[in-house]
J.: 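There's a structure below that I have some questions on.
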There are 2 protein chains.
Amino acid sequence: MSDDLAQRLREQGLRLTPQRQLILRAVEELRHATPDEVLAHVRDQVSSVNASTVYRTLEVLEELGLVRHTHLSDRAPTYHSTDEHEHVHVVCRRCHAVRSYDPGLVQPLVAALADDGFVVDVGHLAIFGTCADCSAADEQPRPT
Amino acid sequence: MSDDLAQRLREQGLRLTPQRQLILRAVEELRHATPDEVLAHVRDQVSSVNASTVYRTLEVLEELGLVRHTHLSDRAPTYHSTDEHEHVHVVCRRCHAVRSYDPGLVQPLVAALADDGFVVDVGHLAIFGTCADCSAADEQPRPT
DNA sequence: TTCAGTGCAAAGCGTTTGCAGGGTG
DNA sequence: CACCCTGCAAACGCTTTGCACTGAA
């Protein structure tokens, strides 16, 4: 967690700043947050943190392997901490509900592609479709 | 195909225009094209087609079920005709190569989620990772 | 003749970049 | 005290929207 941060930054000759600590913490607390949401959360604690800092920091944190991002909508990506167990995102396009599944869900897929030498990035995977409630409620799925 | 277009438009009280025909044809010919690429392709044949028309038309075509879109990068989406067999996209984040796989690849996944009543949108699925060549060439994948 | 569809221009959203000043190591 | 990091503001890429005109049915 945050101790990792100081250490991993140092390994890369990068610096530990309050912003970087706050942004990492925000991602950990919010679970699945867009850069905008991260910014808002950080600003609740310290005003005058800039959006560009959030973008730059999320990029650094992702390079350090401390956070990951996925695309759960056609809009902004969502970031989550790598502290959580790796998981696969399943998204209902109708009600926008997001469920997390164990990576075992896609194990057959991962194995099949491994035969071709392809390494699947499971944490990035987002599976879209229509959930039970929504397919019951209505018959015609609409595009995202 | 294009005959479908006239018919499906009529069913919805919508109109058949040269732009709509050209845009659908462009998507069919280009296989996997961004709105921008579709625009460029259409303009090769008829000048003064507007970007907003392309966006509006792709939306209509998708509602009619004639085209589909996927996200093969963090940038613009790509559209393809539903004439082609449904396929799953596998994308190497390193070299950006895109391979299409038979939906059978994800059949176990689809079946597992079907148990929960979730209907997977297979055509929208994009699986990211590192291809054989790239994982051989280098050891540290970078985020998209 | 009606009203869906278009082009145009402007605005929108999310993100990136150049720069000068500030703070970490 | 070097140089990484930040805030600010402007620019960027992609997409959406308002409006008046055009043209399909």
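Chain letters run A, B, ... following the sequence lines, proteins first, then strands; residues in each count from 1.
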J.: List for me each residue that meets salt bridge (Lys or Arg N to Asp or Glu O under 4.0 Å) alongside B:Glu86, sequence neighbours excluded, and say none if there are none.
T.: none
J.: Report the relative orientation of the aromatic rings in A:Tyr79 and A:His69; use parallel for angles under 30°, tilted for 30 to 60°, perpendicular for over 60°.
T.: tilted
J.: Can you check the B:Glu63 CD to C:dA4 C1' distance for me, whole Å?
T.: 14 Å
J.: Could you tell me which non-hydrogen atom of A:Val54 sits nearest to which non-hydrogen atom of A:Pro35, and how far apart they are?
T.: CG1-O, 3.7 Å
J.: Specify the separation, in whole Å, of atom CG of A:Leu9 and atom P of D:dT6.
T.: 10 Å
J.: Quick one: side chain to side chain donor-acceptor pair (under 3.5 Å) partners of B:Glu11, sequence neighbours excluded?
T.: B:Gln7
J.: For the residue pair A:His32 and A:His87, does the interplanar ring angle fall in the parallel (under 30°), tilted (30 to 60°) or perpendicular (over 60°) class?
T.: perpendicular
J.: Can you name the nearest heavy-atom pair linking A:Val60 to A:Arg20, along with the distance?
T.: CG2-NH2, 4.2 Å
J.: Rounding to 10 degrees, work out the angle separating the end axes of the helix from C:dT1-D:dA25 to C:dG25-D:dC1 (five pairs an end).
T.: 40°
J.: Tell me which donor-acceptor pairs under 3.5 Å the side chains of residues 97-111 of chain A have, and how far apart each pair is, sequence neighbours excluded?
T.:
unit_1   : atom_1 : unit_2   : atom_2 : d
A:Tyr101 : OH     : B:Asp116 : OD2    : 2.7
A:Asp102 : OD1    : A:Gly104 : N      : 2.7

J.: Mind checking side chain to side chain donor-acceptor pair (under 3.5 Å) for B:Arg75 and listing every partner two or more places apart, or none if nothing turns up?
T.: none
J.: Return the polar atom pairs (N/O with N/O) between nucleotides 23-25 of chain D and the protein under 3.5 Å, or none.
T.:
unit_1 : atom_1 : unit_2  : atom_2 : d
D:dG23 : N2     : B:Arg15 : NH1    : 2.4
D:dA24 : O3'    : B:Leu16 : O      : 3.3
D:dA24 : N3     : B:Arg15 : NH1    : 3.4
D:dA25 : OP1    : B:Leu16 : N      : 3.2

J.: Roughly how many Å is it from CG in A:Leu24 to P in D:dC5, rounded to a whole number?
T.: 15 Å
J.: With ring-ring contact (aromatic ring centres under 6.0 Å, His included) as the rule and sequence neighbours excluded, what pairs involving residues 45-65 of chain A come up?
T.: none
J.: Between C:dT15 atom C1' and A:Asp74 atom CG, what is the distance in whole Å?
T.: 16 Å
J.: Closest-nucleotide mapping onto DNA chain C: is A:Ala76 or B:Gly13 further toward the 5' terminus? I mean the 5' end.
T.: B:Gly13
J.: To the nearest Å, give me how far apart CG (A:Asp36) and C1' (C:dC13) are.
T.: 9 Å
J.: Tell me: CD1 of B:Ile23 to P of C:dG5, nearest whole Å?
T.: 12 Å
J.: Do A:Gln12 and A:Leu64 have side chains that approach each other closer than 4.5 Å (heavy atoms only, starting at C-beta)?
T.: yes
J.: Between C:dG14 atom C1' and A:Tyr79 atom OH, what is the distance in whole Å?
T.: 11 Å
J.: Name the pairs: protein N/O against N/O of nucleotides 16-20 of chain D, kept only if under 3.5 Å.
T.:
unit_1 : atom_1 : unit_2  : atom_2 : d
D:dG18 : O6     : B:Arg56 : NH1    : 3.4

J.: Filter on salt bridge (charged side-chain N to carboxylate O under 4.0 Å, His left out), then keep only pairs touching residues 118-127 of chain A, sequence neighbours left out; what's left?
T.: A:Arg68-A:Asp121, A:Asp121-B:Arg93
J.: If I compare all heavy atoms of A:Leu5 with all of A:Leu61, which pair ends up nearest, and what's the gap?
T.: CD1-CD2, 3.7 Å
J.: Going by side-chain contact (heavy atoms from CB on, under 4.5 Å), name the residues that satisfy it together with B:Ala132, two or more places apart in sequence or in a different chain.
T.: none
J.: Within the structure, does a side-chain N or O atom of A:Gln19 lie under 4.0 Å from either OP1 or OP2 of C:dG23?
T.: no
J.: Whole angstroms only, please: what is the NE2-C1' distance between B:His69 and D:dT15?
T.: 13 Å
J.: Give the residues of residues 37-48 of chain B touching DNA chain C, defined as any heavy atom closer than 4.0 Å, sorted by residue number.
T.: B:Ser48
J.: I'd like to check the side-chain contact (heavy atoms from CB on, under 4.5 Å) partners of A:Asn50; sequence neighbours left out, ordered by chain and number.
T.: A:Ser52, A:Thr53
